[in-house]
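Along the sequence shown, residues carry numbers from 1.
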Amino acid sequence: MVAPAVPEVTEELLHEAIETRTESLSSLRELGPPDLVHLVKQPLRQQTKQVGVYHHVTGVDASSSASLAAYINTLAYKEFGPSATTKTLEGTYCCYNAFSRVDMRVHAPFPGSVEAYCIDERGEKRKATDELWLETYLCSVLRAYSYADDGTGDAIRKIMCVRRFNPVTNTETEHRFLSAAEQLFFRGWSLGSDSVVQVPNVVSNHLTTGLIKYFHTTGRYASGINLFEKLRTQNVEVASLLAKVMFMGNEEVQGIRVLHEAIKEMPMDYVMLDTQAEFLLKKAETATTPEQREERLRLALGCADRSTIAAPSEFGTWARLAQVYVAMEDWENALTTLNSCPMFTYQDKDAPVMPEPKEYHLPTLPETRLDEIDSEPDFRYSEQIDPSLLGLRAATYRGTFKQAYAILTEMTAKIGWDQLLKIRSNVFVMEDEYREKQESSHYPANRNPSTDVLRGSPDPGVNGETAVGETEVAEKSEEAGQEADGENLAPPAAKGKPEDIERPSSAMDPDVVKKAEEKGSEDHSSRLNNKRLCERWLDSLFMVLYEDLRVYTIWRTQMAQYRAQSMQYKKSPEEWEILGSLAERLQHTDEAVEAYRACLGQRFSPKALAGILKVFMKTKLTRDAVAAVIRLVTWQYRWYSEFSPELLHTIRILIEDEGAVKIRSIIQATNLPQNVLDLTHHYAALCATFRSSGTEG
């Protein structure tokens, strides 16, 4: 199979890329940045001049110094021939070992012998051992999956000049990968974890995330079950991972038995409880009768509730409980639970920090040429974008905030914005209620939403900063003709001097009035004590959701008006892409597809096509899905990526549903150049190598 082209970044100063990488080693937190490949070249016509160029790469076999030196050799030998303008004098390959926190390096001069060593966080040189190479190899595979693009192009655009290869291409390399994972499994927690996990542990870390993603992508469930069965004998916590792989492989009965036996030994393991709740929630979605659905949700609620007790500081357990309440349509408890979620600052992946380059060289392989794809960059940077679309904050959410926002939008999609505001005012203390209470008595200002039970406990909590629920959303809703949450119940003040006011003959006795006022005040206080204080972050989510809905409503209203007048509604491709993402975020699938199609009608967009592909897969439109995959695979190759786990998974599912022969026939029958079709055939061949379901024919 043809390899992607080699992009090059030219340095201003020789070796400054390697020096900058060395300086940044102490600041790396998790898996580390993609591998750095640095070459020193000499122009054939200027023997005294040396130029430093580099690019990044993932997925190269990093099991030994020989394999990395071989990669450098392939780059050096590309320049041989009558058309060569430079020759390579030396090459350095840098690959980060996240277990031991060292940067493994291979230096290969031409001619000369290869030198392998490692650099620690202090910049000191150390000897490279076999143990360090084993750790480095496993880290390189995990990075290949972590830094892979999901088909939308977001990861490709984020870091320039990265070649992405598939680290596991056959059963032999799979065996090496899983063997390394088995040896280092119980040290996986030291790699860190996804940003939604507060404390990495044996079963929640980057190693387990990478393993689960590998099995999900390739469908090699038997290998996963075999691996986790062996590891379970050493630690019963691994049963949660074993059950997940069994569920993915449609061995649900066996997976339930595994969890049942493990829960007996560790009844308060939050990952096992969460795995049970997730499984029951999915089974409730496919229930055939309302009674069956209700029973499954009831069981899921018990597991999810118990997992929050087992791990009260983990976001995932509270989010799962909120999802169960949403499925049960218990909106008040769903909102209360969402408010209790502990939120963490999003930690992005370790990205390479490089000095300002002198220039970029971005070559294109002839095999990846396709007119509709090659024209994309020409349009992209000349488009005008409405500032209101650029300012949508929800598009930038990551980690816990993205998941919490998804739960909030799901509630809005089911019950509507007005009903959500009513539930919000029923659950949380609104600002006017708080102000009124402050005026009448001393109201505790440090109540915490996570620990503030329904009877109004004033004890300090563990969930960080608290705040009274703001009314900005309601005030903006008033502008749109909606009612604001809460009312100002304060009576008007009396005017004039007390002696000037004559008591009417029918007036009630002052003592009776005073008792009635005290009783009303007690009722009001009791009602407030049954409410919680809204976290600042959740109040911010309401504001962001309001802005999303406002922009979405304006767009749909304008579209309807233009259609009524038989006029064309015009937007730039970038604006259509943003509107499609907005509609998808708000769970309006048909409107998202409409916007994405409008974008693709003007120029190619991998994000828009990937969004439509999801709908094609859900609605079983096989030919349309294959056509979309071919274009996305070609675009990936165009930007130096021969491997996308999501696209490989998509092709695997298509083959599983329709059979390999049919899918290959559909690919071949597409009216596109053969060199473009061969790129997608390569993905289909991978499925055959792994003997995926549907490839037997």
* **Side-chain touch Asp548/Leu586, heavy atoms, less than 4.5 angstrom** => yes
* To do: Taking all heavy atoms of Tyr596 and all of Gly611, pick out the closest pair and write down the distance.
  => CE1-CA, 3.8 Å
* Asked: Going through the distances and angles, do Met411 and Gln419 end up as a side-chain contact (heavy atoms from CB on, under 4.5 Å)?
  -> CA-CA 10 Å; Met411 292 177 66; Gln419 186 63 24; over 6 Å; no
* To do: Starting from the C-alpha separation in whole Å, work towards a yes-or-no answer on side-chain contact (heavy atoms from CB on, under 4.5 Å) for Asn205 and Leu191.
  => CA-CA 7 Å; Asn205 55 64; Leu191 298 176; 5.5 Å; no
* To do: Please tell me if the side chains of Glu237 and Val271 come closer than 4.5 Å, counting only heavy atoms from C-beta onward.
  => no
* Between Tyr346 and Thr400, is any pair of side-chain heavy atoms under 4.5 Å apart? -> no
* Heavy atoms, side chains only, cut-off 4.5 Å: are Met248 and Val245 in contact? -> yes
* Thinking salt bridges, do Glu252 and Lys283 make one under a 4.0 Å N-O criterion? -> yes
* Asked: Passes salt bridge (Lys or Arg N to Asp or Glu O under 4.0 Å), Lys244 versus Glu278? Steps please.
  -> CA-CA 10 Å; Lys244 285 179 182 177; Glu278 181 185 18; 5.3 Å; no
* Asked: Under the 3.5 angstrom rule, does the side chain of Lys349 hit a backbone N or O of Leu31 as a donor-acceptor pair?
  -> no
* To do: Looking only at non-hydrogen atoms, find the nearest pair between Pro33 and Ala351 and report the distance.
  => CB-C, 4.2 Å
* Minimal non-hydrogen separation, Val202 against Thr208, with atom names -> O-CG2, 3.5 Å
* Minimum heavy-atom distance between Gly151 and Ser644, given as atom pair plus value -> N-OG, 3.8 Å
* Is the side chain of Ser204 donor-acceptor paired with the backbone N or O of Asn201 at a distance under 3.5 Å, no angle test? -> no
* Verify the ring-centre separation between Phe279 and Phe247: is it less than 6.0 angstrom? => yes
* Ala592 versus Gly580, closest heavy-atom pair with distance -> CB-O, 3.5 Å
* Heavy-atom pair of closest approach, residues Glu575 and Asp386 -> OE2-N, 2.7 Å
* Using a distance-only test with no angle check, is there a side-chain donor-acceptor pair under 3.5 angstrom linking Tyr397 and Gln403? -> no
* Asked: Can we say Glu285 and Lys282 salt-bridge, meaning some charged N sits less than 4.0 Å from an Asp/Glu carboxylate O?
  -> no
* To do: Mind running salt bridge (Lys or Arg N to Asp or Glu O under 4.0 Å) on Lys414 and Glu410 for me, showing each step along the way?
  => CA-CA 6 Å; Lys414 289 183 175 180; Glu410 184 180 356; 3.3 Å; yes
* Tyr562: partners by ring pair (Phe, Tyr, Trp, His ring centres under 6.0 Å), with sequence neighbours left out -> Tyr569
* Asked: Would you call the rings of Phe344 and Phe315 parallel, tilted or perpendicular, where under 30° means parallel and over 60° means perpendicular?
  -> perpendicular
* **Heavy-atom side-chain contact between Ser540 and Arg393 under 4.5 Å** => yes
* Between Phe428 and Asn339, is any pair of side-chain heavy atoms under 4.5 Å apart? -> yes
* Asked: Judged by atom type as modelled, is there a donor-acceptor pair below 3.5 Å linking the side chain of Ser146 to the main-chain atoms of Leu142?
  -> no
* Nearest 0.5 Å, what's the OG1-CD distance between Thr317 and Gln198? -> 11.0 Å
* Report yes or no: do Ser605 and Glu577 form a side-chain donor-acceptor pair below 3.5 Å? => yes
* **Trace of the side-chain contact (heavy atoms from CB on, under 4.5 Å) decision for Glu574 with Leu579** => CA-CA 9 Å; Glu574 187 77 5; Leu579 289 171; over 6 Å; no
* Asked: Among pairs that include at least one residue of residues 329-348, which meet salt bridge (charged side-chain N to carboxylate O under 4.0 Å, His left out), considering only residues two or more places apart or in two chains?
  -> Lys158-Asp348
* So, the side chain of Trp318 versus the backbone of Leu338: is there a donor-acceptor pair under 3.5 Å, distance only? -> no
* Answer yes or no: are there more than 12 heavy-atom neighbours, outside Glu294 itself, under 6.0 Å from its atom CD? => no
* Asked: Within a reach of under 6.0 Å around NZ of Lys402, are more than 12 heavy atoms found that belong to other residues, nucleotides or ligands?
  -> no
* Side chain to side chain, Leu28 and Asp350, heavy atoms closer than 4.5 Å -> yes
* Structure fact -> Output for pair (Ser307 OG, Met272 CE), nearest 0.5 Å, gives 13.0 Å
* To do: Verify whether one side chain among Gln292 and Thr288 offers a donor that lies under 3.5 Å from an acceptor in the other.
  => yes
* Can you tell me how far the CD1 atom of Ile578 sits from the NZ atom of Lys607, to the nearest 0.5 Å? -> 8.0 Å
* **Residues Asp274, Arg306: salt bridge by 4.0 Å N-O rule** => no
* If the plane angle is over 60° it's perpendicular, under 30° parallel, otherwise tilted; pick one for Trp417 and Tyr546. => tilted
* Any chance you could measure Gln323, atom CD, to Met328, atom CE, to the nearest 0.5 Å? => 14.0 Å
* Asked: Among side-chain atoms of Tyr325 and Asp305, is any donor-acceptor pair under 3.5 angstrom?
  -> no
* To do: First locate atom CD of Glu314, then atom OH of Tyr270, and finally report the distance between them rounded to the nearest 0.5 Å.
  => 4.0 Å
* Output yes when Glu594 and Arg597 qualify as a salt bridge under the 4.0 Å nitrogen-oxygen rule, no when they do not. => no
* First locate atom CZ of Arg532, then atom CG of Leu335, and finally report the distance between them rounded to the nearest 0.5 Å. => 10.5 Å
* Asked: Does the side chain of Ser193 come within less than 4.5 Å of Thr209's, by heavy atoms?
  -> no
* To do: Report the C-alpha separation of Glu584 and Lys614 in whole Å, then their side-chain angles, then the decisive distance to 0.1 Å, and conclude whether the side-chain contact (heavy atoms from CB on, under 4.5 Å) test is met.
  => CA-CA 11 Å; Glu584 190 176 0; Lys614 294 177 189 174; 3.0 Å; yes
